[in-house]
Amino acid sequence: VVSTQSTGKIKMQDSSQVTATATQTAETETGTETQTQTVSTSIFSNRRRPFEEFITNGKILILFQATGAAPILKQSKFKVQASSNFSAIIIFLRNQLNTRIAPNDPLYLYLNYTFQPSPEAILLDLFKCFHVNGKLVVNYCTTAAWG
């Protein structure tokens, strides 16, 4: 190879398609060789899937994650009725942890490591706004952690 030259170009085809073209030209003793590679992709390819795809038989998937010194559940994923209130999750989790925490011990529940929903909040509404890959992530701990 005597010399090489590379060029690149990115072009927006419409509001959602992007095309990238890379061209490499190499001069050799026997002649010139050119290679071109074109990649086209949608800028919305990683868009979040609609929440309806994750609801089966009126149920949503809840993922419980222990935080701090909270006891860990043997099973962390549960399907619950989407029409239930968040208070049902609080009661359910207390029942699951009944042998490892006392009934009067505090139990704090957070969504996605950030906030404590109201006990009256409907799970479907929370799921619509805060699900992660089809799971409503509920973090729990025995001492206040976030928010």
Begin with the C-alpha distance, continue with both residues' side-chain angles, and end with the deciding distance and a verdict on side-chain contact (heavy atoms from CB on, under 4.5 Å) for L73 and L93. CA-CA 9 Å; L73 294 170; L93 184 58; 3.8 Å; yes
If you apply the rule side-chain contact (heavy atoms from CB on, under 4.5 Å), what do you find for T56 with K79, and how did you get there? CA-CA 9 Å; T56 55; K79 285 203 170 227; 2.8 Å; yes
Apply the test side-chain contact (heavy atoms from CB on, under 4.5 Å) to residues N139 and L111: give CA-CA distance (whole Å), side-chain angles for both, the deciding distance (0.1 Å), then the verdict. CA-CA 6 Å; N139 307 96; L111 284 188; over 6 Å; no
Where do L63 and L136 land on the side-chain contact (heavy atoms from CB on, under 4.5 Å) test, with the steps shown first? CA-CA 6 Å; L63 173 63; L136 188 62; over 6 Å; no
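The two atoms that bring A82 and I122 nearest to each other are O-CG2, 3.7 Å, heavy atoms only. For the residue pair C141 and Y110, the shortest heavy atom distance occurs at SG-CE1, 3.7 Å.
Distance check: E52 CD to F127 CZ gives 9.5 Å after rounding to the nearest 0.5 Å. For the atom pair CD (Q96) and OG (S76), the distance works out to 11.0 Å, reported to the nearest 0.5 Å. How far OG1 of T142 is from OH of Y108: 9.0 Å, rounded to the nearest 0.5 Å. To the nearest 0.5 Å, atoms CD1 (I55) and CG (L123) are separated by 10.5 Å. Between the CD1 atom of I91 and the CZ atom of R94 there is a distance of 10.0 Å, given to the nearest 0.5 Å. Distance check, rounded to the nearest 0.5 Å: CG of L109 to OH of Y140 gives 9.5 Å.
Using a 4.5 Å heavy-atom threshold, the side chains of P71 and I101 count as touching.
Under the ring-ring contact (aromatic ring centres under 6.0 Å, His included) criterion, the residue pairs touching residues 56-77 are F64-F78, with sequence neighbours excluded.
Between the side chain of Q81 and the main chain of S83, no donor-acceptor pair closer than 3.5 Å is present. Here the side chain of R100 pairs no donor or acceptor atom with the backbone of A70 at under 3.5 angstrom.
Counting non-hydrogen atoms of other residues, nucleotides and ligands closer than 6.0 Å to CG of N95 gives a total above 12.
No close placement of the F86 and F92 rings is indicated, their centers lying 6.0 Å or farther apart.
No path of Ile, Leu, Val, Met, Phe, Trp and Tyr side chains, each step under 4.5 Å between heavy atoms, connects L61 with V138, placing them in separate hydrophobic clusters.
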